[in-house]
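To start, the structure under review is shown below, and the notes come after it.
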Amino acid sequence: MEIPYTVKPRPDTGLYNAKVGIWLFLASEVMLFGAFFSSYILLRVGAPDGFWPDVATAWPHGLLNIPIGTFNTAVLIISSVTVLLAWASLKEGNLPKFKKFMAATILCALGFLAIKSYEYNEKFTHYVIRLKDGTAVTGHLDIDGKSPRFWSLATVEAKKLESIKVHVDVPNQFRYPVGFKHETHEEAEAKTGGHGGGHGEREIKTADIALLQAFIPKTGTFFAIYFTMTFLHGLHVLGGAIVMAYIAFVGDGMWKTDPERYTNRIEVAGLFWHFVDLVWIFLFPVVYLL
Amino acid sequence: MSDHTHSGAAEAHEHGHDHAGHNKIYFVIGAALLVGTIVTVLARYWEFNSVALTVAVALFIASIKAFLVAGYFMHLLSEKKMIYLVLATTAAFLVGMVGLILWSDADQPRGSTQKIHYVP
Amino acid sequence: MEFFSKLLFLHEVASSHGKGLDELLIYVHLLMASLFVGWLAFFVIAVFKHRRSVNPKADYVGARSHFSTYAEIGVAAIEGLLLLGFAVPLWAKSVDKFPEEKDATVIQIMGQQFAWNAHYAGPDGKWGKQDVKFASSTNPFGLDSGDAGAKDDITCLREKFLIPVGKEVICKISSMDVIHCFKLPRMRVTQDAIPGMSIPVHFKPTKVGDYTITCAQLCGNLHSTMRGEFKVVEQAEFDKWFAEKAKAGGGGGFE
Amino acid sequence: MHTATTHAQAHGHGHEHAHEHHEPGFWAKYIFSTDHKMIGIQYGITSLAFLFFGFLLMLAMRQQLANPGQPVPFVGKLLEKTLGADAASGGVMQGDLYNAFGAMHGTIMVFLAIVPLAFGAFGNYVTPLQIGAPDMAFPRLNMASYHLYFWGGVVMLVSFFIPGGAAKSGWTSYSPLATLADMDRAINGQTMWLIGMVLLITSSLLGAVNFIATIIQLRAKGMTWMRLPFFVWAQFVTAFLLLLAFPPLEAAGLMQLADNVLKTSFFLPTGLVTSGGPVPVSGGGSPLLWQHLFWFLAHPEVYVLILPAMGIVSEVIANNTRKPLWGYKSMVYAALGIGFLAFIVWAHHMYLTGMGTKISTFFQTTTMMISIPSVIILTALFISLWGGSIRFNTPMLFALAFLPMFGIGGLTGLPLGFNASDIYLHDSYYVIGHFHYVVAPGTIFGLFAGVYFWYPKATGRFMSEFWGKVHFFGSLVCMNLIFAPMFVQGLRGMSRRMYDGGATYFGNGVDPGVLWLNKFITHAALGLLIFQLPFIWNFFSSLFVGKKVESDNPWQATTLDWQTPTPPPHGNFATEPVVYRGPYEYSVPGAAKDFIPQGQKS
Ligand code: HEA
Ligand code: HEA
Ligand code: CUA
Ligand SMILES: [Cu+2]
């Protein structure tokens, strides 16, 4: 006996097996991301009021690059459309057209990941520096023209640097949660001791530094959940791209032997892909905008 | 909304599947999603001065976008009963989980909601 | 009640609200016992009567009575009764109906791997300033020794502390490292000690004597040795101890 | 119609032919099999081994409990040699080792023994057979599930031998302890535990998807929902519990992993201070968040442990009373009710974390509500006995014993379910007694019943009745001697998870008079071990010397699993089965025999 309904729908449910399978899988994914979102809410609601210099416990906000995030959102949306067009091409029986759209989809996926990596790198080279007098600055280090990643105070001390050059952000990049009063330019300048004005450069003595930390997961619960959720989402993008590339360009022999099943595969892969898009639709406003 | 128009629409939908012209709807929805994204971003710069309102607006737009993706891209508007059952169950438990966790966090006995232990 | 509480091996109760709690325990166990006995009797009879050797031919329908439905409804009803009549009010009393702080002995309790610490505001009734930057394993409450309000605060670090009998006690329970659980079996008090939170419980001891604090939450390798002690004494004795401690302790008695 | 049959037959024939020609090699047949029956057997063997291993861990712990501060009899020296003097100096278990064994006992029993045995093994082997399917819907996914499970188990086992030893924060792994316990080691037991759990969870999720899709899609012709054997219903609900409850724990596991490895603070609040000074993390997290996400899985998980056992017990009872299950429909609805309510009772494990009246009233109400469907299922099974013609073979004995044993376990859940009485009983041995009654003489007995019951189908031979009965009576007595005294200890205020068995708390003149029971329980546990030996012997020797079955349906059962060849070949059924009636048509008045198989036309 062969396994029935791998291609044709079962009469009473109207579904073929893989479609039931993918929807069940997506149901579990809903719970997975749902748990992360509820963690996000709980951590955020429970976060102590965030004021300098308690960088670590504050809920920093407005640190992500919104134009880039918006662009990336568009990339994902477009890829969702192209994967649909690819599927529709198969339904028309047009394999070359299908492949073109699949290639576009996978390019979008890779583009998304590339942009995300750029953003990650941007965070890994972005620092919060708290001075012993209580003031704090954020900015990029400038060590002989390079912008190093993942440094800490220990790194600076180990390298025996007397002082470090910092391109500080003015006003500094931490913003208070929405609804709070935002710092004005002047206040920020006053806080950084009158330095700056535009993207100021500052020489900071190692001896003055109380804390130096890149924007990495352990810097605070915001970063922790931002990196965890976007990383997990990125893994989904990567996984989806690999599977789709495999189906479209390696496993396309099935188109000849079993076109219906092949089309179903694309439909199922597409469903997964839309779901990844769907997660991002919530993730984007939650971490970038709110 | 009579039954009649409804079934007519469903038929047209079935019919449209084989035609490439049906792809148009994907473009329309795709465009709507892009617009939605831009509106969300713009809304953010619009200082509502209320956390609740900001969050509500952002999530409202996101929900509409989610509806479009799920409904049209994932064809949920014309899915089979079994899928609806699975998703309804999931949605119920999701709401239960998030809701009850947040409720538990909010309903604590007097004085215990202090965030930092060393304050008496 | 006395009889049943012996039957259930319950530890002798030593607080005023504990009585109600024991009653609930007893009623639940009576319900359980009667269900168990009833069902077991049915089970034994059914199995015995319908063994193959006496009943070679099975009956397609089996039992025809609706008794089981009534039994199920009955179970549900009794559970509902215990719920509304006992559990909910008892709980509400213990977490909502707090006595006024001025009428009670107020103690901060801090769990620490692997010991219990207590902190009283002292005769002035004012808590000294506390901040986490002062906290350490020898200053679990993070008291600021320079603060005037802290001068007369009493801290009992890893040692026995006292509470007066017949008066409400409010304990604000917290922890500085991992989750512990402040459990006073004979007072019928249990509350997790959770870092980052300070959760109040209250009870009124009714019997003088020595009592133990059990840590009822796994908290590390020496969890089983995290024993605390306190003593319930007459008010006069408590006052004496309190005054002495406040004088000697000055600033909380740090080591 | 006629042609269809011949086609199917010809097809089946062709298959057999192909098999003769190139018999798959060892790896393809035993390790990378995609046949649900082989995968079921793989799950079965692996999980029984873990069950035994979990038991041995507990025996070592019990020995320590019975001899506080003394070297562990029998194995103390061995522990010292294999795990190092830090863990067991002079053969005395140190706190860390005891905690590690306790955490791993819980983890192994729940995630590596019972679930894989009940769901992975029985579910895989029996479900497709009972619904008349040739295999699972996604055979390769099925294989992947097993392999993920296997490697998850390997990771857990390896963790015993890494520096610092295995995870030691209880199977509940509460933060902050789980993060602080071994903070200075980059890769510690907890890290391994989390990695292992992620593998196990992924395995369970794939399995759940597969089961649900199979039951929805691959039911044979005529197998309507209300003709499904109760066992299949139980597996169906179980799969849903796993599908929707596990992902939050996966999320929580990833976050705790980040806490441990990347030093984030998802579950670590601000201001932690240990004896080593302030803990160098940012803080701002919530320890209760972990508990919520953990129990959101772990409560449904306990029904994952019990429902398949109830399913097995139902099959065995219907078969051996020779009459239909009484109230089959109400049982199905009750199982669905359990499945639904299981998701909204979890915080009854957290009453004492500081809950307000409203929320705790909600949770205790749902807790009381969920006891009702259990009562309904149990009652239906009891009443099913009435009017039967009961055969007392070994599977039936285990199934019968399951009922009162689960009854005790379930009933003792009630005082825990009322928040006010839980104040006294929380984290005491009463809890240990409660849940062991449900999982040990409850679930394990159900699973034993299943092993004895389906063994002839899988191997073509019976297990020995004599040794089966020795195993049964010995286990029944010992289980009760082990777990009943725990209620007494708990009611007397003795706490769980103490490596000295409570000696420190109760030694100093306040001995409540229950410490001697520690020794007693330990002896009973040793007795239990002895009575498992006949089972192990029986299990392996019957492969070769067991009485051969004479027909494909040796128990004269009605469900489709017994209408396959013995053992069932690849593809299961010689001809496509068609179902004409409900699952338990025993002793139908006027019928020639006392059973009518589901696939028999009339
Ligand atoms: C299979 C496993 C299983 C099952 C089925 C149950 C079933 C139930 N459990 Fe249990 N429970 C656990 C496994 C299980 N539990 C575990 C593992 C823990 C501890 C976890 C840890 O902390 O490590 C725990 C802990 C636990 C607690 C937390 C205790 C604490 O930590 O303080 C609570 C509290 O409400 C509880 C309640 C219940 C209830 C109300 C049921 C109900 O569903 C029970 C309903 C059943 C009945 C009411 C019985 C009906 C039968 C009859 C009426 C017939 C009886 C008569 C005869 C047979 C003669 N359980
Ligand atoms: C499904 C779950 C399960 C099962 C079955 C068991 C089974 C047993 N458990 Fe376990 N236990 C837990 C889950 C389970 N436990 C959990 C979750 C905890 C809490 C952990 C924590 O604190 O974090 C716990 C804790 C726990 C404690 C408390 C420890 C403490 O708090 O300090 C004790 C104490 O006695 C105990 C004892 C036992 C005993 C004697 C058995 C016996 O019933 C074991 C019986 C075993 C068998 C009968 C094996 C039969 C198998 C074979 C014979 C194999 C044959 C093999 C082949 C044929 C190949 N357990
Ligand atoms: Cu503190 Cu256990
Ligand atoms: Cu539970």
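So that the names make sense, note that chain A is the first sequence line, chain B the second, and so on, each numbered from 1. All values below come from the heavy atoms of this structure, side chains included, with hydrogens, waters and symmetry mates left out.
Interatomic distance, CZ of C:Phe36 versus OG1 of D:Thr412, reported as 10.5 Å (0.5 Å rounding). Note: D:Leu180 CG to C:Cys219 SG = 11.5 Å, rounded to the nearest 0.5 Å. Taking OG of D:Ser330 as the reference point, atom CD of C:Glu72 lies at 7.0 Å (rounded to 0.5 Å). Note: C:Leu24 CG to D:Phe418 CZ = 6.5 Å, rounded to the nearest 0.5 Å. The distance from atom CG of D:Asn320 to atom CZ of C:Arg52, rounded to the nearest 0.5 Å, is 8.5 Å. To the nearest 0.5 Å, atoms NE2 (C:His50) and OG1 (D:Thr321) are separated by 10.5 Å.
Minimum heavy-atom separation, D:Pro269 to C:Gly196: CB-CA, 4.0 Å. Scanning both residues, D:Leu414 and C:Val28, for their nearest heavy atoms gives CB-CG1, 4.1 Å. Residues C:Thr190 and D:His426 share a closest heavy-atom pair of CG2-CD2, 4.4 Å. Minimum interatomic distance between D:Phe392 and C:Arg51 (heavy atoms only, all atoms of both residues): CE1-CB, 3.5 Å. C:Leu218 and D:Gly170 get closest at one heavy-atom pair: CD2-N, 3.4 Å. Taking every heavy atom of both residues into account, C:Pro195 and D:Leu272 meet most closely at CB-CD2, 3.5 Å.
Within 6.0 Å of atom NZ in D:Lys593, 12 or fewer heavy atoms from other residues, nucleotides or ligands are found, so the atom counts as exposed in its surroundings. By the 6.0 Å contact criterion, NZ on C:Lys207 is enclosed, its count of non-hydrogen atoms from other residues, nucleotides or ligands being greater than 12.
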Next on the checklist: Applying side-chain contact (heavy atoms from CB on, under 4.5 Å) to D:Tyr499 and C:His223, what does each step give before you reach the verdict?
Outcome noted: CA-CA 8 Å; D:Tyr499 77 100; C:His223 159 63; over 6 Å; no
Next on the checklist: If you apply the rule side-chain contact (heavy atoms from CB on, under 4.5 Å), what do you find for C:Val95 with D:Met355, and how did you get there?
Outcome noted: CA-CA 8 Å; C:Val95 303; D:Met355 280 198 162; over 6 Å; no
Checklist entry - Should C:Ile45 and D:Trp386 be marked as a side-chain contact (heavy atoms from CB on, under 4.5 Å) after you check the CA-CA gap, both sets of side-chain angles, and the distance that decides it? => result CA-CA 9 Å; C:Ile45 295 170; D:Trp386 197 263; 4.2 Å; yes
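Heavy-atom distances place both the backbone and the side chain of D:Leu425 under 4.5 Å from chain C. In this structure, chain C has heavy atoms under 4.5 Å from both the backbone and the side chain of D:Tyr351. Heavy atoms of D:Thr365 lying under 4.5 Å from chain C belong to its backbone as well as its side chain. For C:Val201, no part sits under 4.5 Å from any heavy atom of chain D, backbone or side chain. For D:Asn419, the parts sitting under 4.5 Å from any heavy atom of chain C are the backbone and the side chain alike. Both the backbone and the side chain of D:Ser421 come within less than 4.5 Å of a heavy atom of chain C. At a 4.5 Å heavy-atom cutoff, C:His17 makes no contact with chain D through either its backbone or its side chain. Only the side chain of C:Leu40 comes within contact range of chain D, judged by heavy atoms closer than 4.5 Å. With a 4.5 Å cut-off on non-hydrogen atoms, D:Phe267 does not touch chain C at all. The part of D:Leu403 that comes within reach of chain C is its side chain, from C-beta onward, which places non-hydrogen atoms under 4.5 angstrom from that chain. Only the backbone of C:Val61 comes within contact range of chain D, with heavy atoms under 4.5 Å apart. Interface remark: C:Val178 contributes backbone and side-chain atoms alike to the contact with chain D (heavy atom separation under 4.5 Å). With a 4.5 Å cut-off on non-hydrogen atoms, C:Met187 does not touch chain D at all. Both the backbone and the side chain of D:Asp96 come within less than 4.5 Å of a heavy atom in chain C.
The choice from D:Thr361, D:Ile376, D:Thr172 that makes the most heavy-atom pairs within less than 4.5 Å of chain C is D:Ile376. Contact count versus chain D (heavy atoms, under 4.5 Å) is highest, among C:Leu21, C:Leu90, C:Leu83, C:Leu31, for C:Leu83. Heavy-atom pairs under 4.5 Å with chain D were tallied for C:Ala58, C:Pro185, C:Ser137; the largest tally goes to C:Ala58. Contact count against chain C (heavy-atom pairs under 4.5 Å) is highest for D:Asp500 among D:Asp500, D:Leu268, D:Thr274. Heavy-atom pairs under 4.5 Å with chain C peak, among D:Ser371, D:Ser286, D:Ala420, at D:Ala420. Among D:Gly388, D:Ser169, D:Gly95, D:Ser495, the residue with the largest count of heavy-atom pairs under 4.5 Å with chain C is D:Gly388. The candidate with the highest count of non-hydrogen atom pairs below 4.5 Å against chain D, out of C:Ile213, C:Val75, C:Val47, C:Leu222, is C:Val47. When the candidates D:Leu411, D:Val375, D:Asp594 are compared by the number of heavy-atom contacts under 4.5 Å with chain C, D:Leu411 comes out ahead. Ranked by heavy-atom pairs under 4.5 Å with chain D, the list C:Gly62, C:Ser94, C:Ser65, C:Cys181 is led by C:Gly62.
Taking the six-membered ring where tryptophan is involved, the planes of C:Trp39 and D:Phe382 are tilted, since the angle between them lies from 30° to 60°.
Looking at D:Ile383 and C:Phe42, their side chains come closer than 4.5 Å, going by heavy atoms from C-beta outward. Taking 4.5 Å as the limit, some side-chain heavy atom of D:Ile372 sits within range of a side-chain heavy atom of C:Glu79. Within the 4.5 Å cutoff, the side chain of C:Cys215 has heavy atoms near those of the D:Tyr505 side chain. Between C:Asn221 and D:Lys168, every side-chain heavy-atom pair lies at or beyond the 4.5 Å cut-off. With a 4.5 Å cut-off on side-chain heavy atoms, D:Pro415 and C:His29 count as touching. Here the side chains of D:Leu177 and C:Gln217 are not in contact, with every heavy-atom distance at 4.5 Å or above. Proximity of D:Leu400 to C:Phe43: side-chain heavy atoms (C-beta onward) are separated by under 4.5 Å at one or more points. Side-chain atoms of C:Val88 and D:Gln364, non-hydrogen and from C-beta on, do get closer than 4.5 Å to each other.
A donor-acceptor pair under 3.5 Å links the side-chain atoms of D:Trp326 to the main chain of C:Ala63, judged by distance alone. The main-chain N or O of C:Phe9 is found under 3.5 Å from a side-chain atom of D:Arg492 such that the two form a donor-acceptor pair. No donor-acceptor distance shorter than 3.5 angstrom exists from the side chain of C:Asp192 to the backbone of D:Gly354, with no hydrogens or angles considered. One N or O on the side chain of D:Ser389 and one on the backbone of C:Asn55 form a donor-acceptor pair closer than 3.5 Å. C:Lys183 places no side-chain N or O within 3.5 Å of a backbone atom of D:Ile423 that could act as its donor or acceptor partner.
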